[in-house]
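Below, all heavy atoms of this structure are taken into account, side chains as well, without hydrogens, waters or symmetry copies. In this chain, numbering begins with 1 at the start of the sequence shown.
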Amino acid sequence: MNGQLRSRSLRTRLLFFISATLVAVCAAMTLATVFAQRASLLGALDERVTNAAERSLGGANVGPRNHTDLGFLREQGQAVGTLAARLDGEGNITSAEVVGASGDPETLSAEQRAALDGIAADGSTYTRTVPGLGTYRITALSADGLHVLTGLPMGDVQDMIGGLVVVEAVVAGVGLTVAACVCAVVIRRQLRPLGRVAATAVEVSRSPLDRGEVTGLTRVPDRDTDPGSEAGQVGAALNRMIDHVEASLAQRQRSEERMRRFLADASHELRTPLASIAGYAELMNRGTDRIEPTLAWRRVSAESARMTGLVEDLLLLARLDEGRPLESAEVDLAALVAEAVWDARAAGEDHNWQLALLLDAPALVTGDEARLHQVVANLLANARVHTPAGTTVTASVESTADGCVIRVRDDGPGIPPTLLPSVFERFTRADASRARANAHAGGSGLGLAIVAAIVSAHGGRLDVTSEPGHTEFTIALPPTGTTELPTIDTVSAPSVPSAQSVPSISV
């Protein structure tokens, strides 16, 4: 039964349980009313029986003192159906009569008298069924050696109780029917929001989530998302789940698109030097009259170095993504930035390079010196590649109570606003085309991604602000002793003398 009920709909189960509860309540109320009314009516009848017995005993006292006289039944005031009997000293019935419909006493038969046996004259009331007369409420009293038994019919009480039961049953049946209909309507109306929520879930489940861009999934209407109701809570939860699914699928699609773009860009970047190397090797195979061996080998070496650098960048990003440990040592940022600025000057003499050391304390951090040098070098190279000749590029180092800050700013044209949100993503370039006129000029688009990954691995923070005439990258690193990095074997960058006391200079 329980298994069958659990397989039913929520509407059916609610209606069943509510109806069963109402039936139980109505049955309990009916029984309580019937028993209370019966107790009240029996109490009143017992009082009447006792009064009638006392009158009978009084009439027996004033009449002939024998055990067979029932003359008191002929006195006025005796109700039709009143039963009386005389008992001897041992409790045996000596005579018994009942007031008939005509008002005259009628003698009881032996069978009827047998139904009255065993009643003690102690004033207690008994219920006996007398053949041919019905059910009686009987008591017996004794005084001065006289024993009198008196009974009154219970027909009126039973009729009243039966009528009450019928009325209660009819009222309960009608009430239960009306209540069941009302409950069915109310439950149906109250469960409509759940039906609409279920319909929304079904519609979403039929959406093609495995392909294409997933947008515009159906939502539960606002009227069904009221947190004050259970159905509204379910609807709101479903909407949040749909939002999460849609956002997750959109993020997955963006991630897949970035991955496809990443693989395509990486393949293109690797294919270009490989094609150059293969071309020069083919020319060499055809003979030295087509190209000078020195030039060919120089170009092969250059393309090989370019390809090696790209592969090393990709491997570095992969290691950082995997959480591979970096070298942990004390690094002097002032010396590191000064060295990077000198290197940048050698690579871009047509720019104005400046170094500013704003130090109240040594700019010391714990980290991988080679990687931190790569961070600053990449930022300076990014400024050199993407700004015109004559641009002023300033690298500054500051020491604060919370750590050390490196800033690289320039007065170039700035980063396009559409590119700024994704500037630290891999293979992000101002010129996204793979058919650039100069494949070497724009870089691979991994420099800033490497910067972000290294700074994050050091527990630092990287920010950028840009507008025409002012672009600034800010790196905030925790002070020495607050960042613990597991030590591994790496190649450290050459050290230079401490530059903590060096003022702002142009190089």
Side-chain angles (χ1 to χ4, degrees), residues 1-30 168-264 321 417-422 424-428 432:
M1 177 65 181
N2 291 335
Q4 294 178 351
L5 189 58
R6 283 194 293 267
S7 64
R8 301 291 183 180
S9 65
L10 179 60
R11 182 184 296 108
T12 302
R13 284 182 287 166
L14 284 176
L15 185 59
F16 174 82
F17 285 119
I18 291 174
S19 300
T21 302
L22 289 176
V23 169
V25 170
C26 287
M29 292 178 62
T30 299
E168 292 278 354
V170 172
V171 172
V174 174
L176 287 173
T177 302
V178 173
C181 294
V182 172
C183 288
V185 173
V186 172
I187 290 173
R188 185 182 183 86
R189 291 178 62 88
Q190 294 301 316
L191 292 182
R192 282 178 182 173
L194 281 180
R196 291 192 290 268
V197 171
T200 300
V202 170
E203 186 173 351
V204 171
S205 68
R206 294 174 178 172
S207 300
L209 305 181
D210 58 337
R211 60 185 182 275
E213 184 177 1
V214 179
T215 57
L217 293 178
T218 304
R219 300 296 196 279
V220 177
D222 292 340
R223 60 176 178 169
D224 297 331
T225 59
D226 182 10
S229 66
E230 288 76 5
Q233 294 173 6
V234 174
L238 180 60
N239 275 354
R240 289 194 296 271
M241 185 186 71
I242 294 174
D243 292 339
H244 177 69
V245 169
E246 196 173 73
S248 299
L249 291 175
Q251 179 64 28
R252 185 196 66 183
Q253 185 176 10
R254 288 193 296 269
S255 177
E256 291 176 351
E257 290 176 354
R258 287 196 299 268
M259 179 59 68
R260 286 193 293 267
R261 181 72 180 184
F262 175 83
L263 293 175
D321 288 342
T418 56
L419 189 65
L420 195 59
S422 60
F424 295 115
E425 295 182 2
R426 297 167 190 185
F427 291 110
T428 297

Under the side-chain contact (heavy atoms from CB on, under 4.5 Å) criterion, do Thr30 and Val171 qualify, and how do the steps go? CA-CA 10 Å; Thr30 299; Val171 172; over 6 Å; no

Could you go through Asp243 and Arg219, starting from their C-alpha distance and side-chain angles, then the distance that decides it, and tell me whether this counts as side-chain contact (heavy atoms from CB on, under 4.5 Å)? CA-CA 9 Å; Asp243 292 339; Arg219 300 296 196 279; 2.7 Å; yes

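Here the straight-line distance linking atom CD1 of Ile18 with atom CD1 of Ile187 works out to 3.5 Å at 0.5 Å rounding. Atoms CG and CE, from Leu22 and Met29 in turn, are 11.0 Å apart once rounded to the nearest 0.5 Å. Between the CG atom of Leu15 and the SG atom of Cys183 there is a distance of 7.0 Å, given to the nearest 0.5 Å. For the atom pair OG1 (Thr21) and CZ (Phe16), the distance works out to 9.5 Å, reported to the nearest 0.5 Å.
No side-chain heavy atom of Ser19 sits under 4.5 Å from any side-chain heavy atom of Leu176. A 4.5 Å side-chain heavy-atom check between Val234 and Val220 finds every atom pair outside the cut-off.
In terms of modelled atom types and a separation under 3.5 Å, the side chain of Gln233 and the main chain of Pro227 share a donor-acceptor contact.
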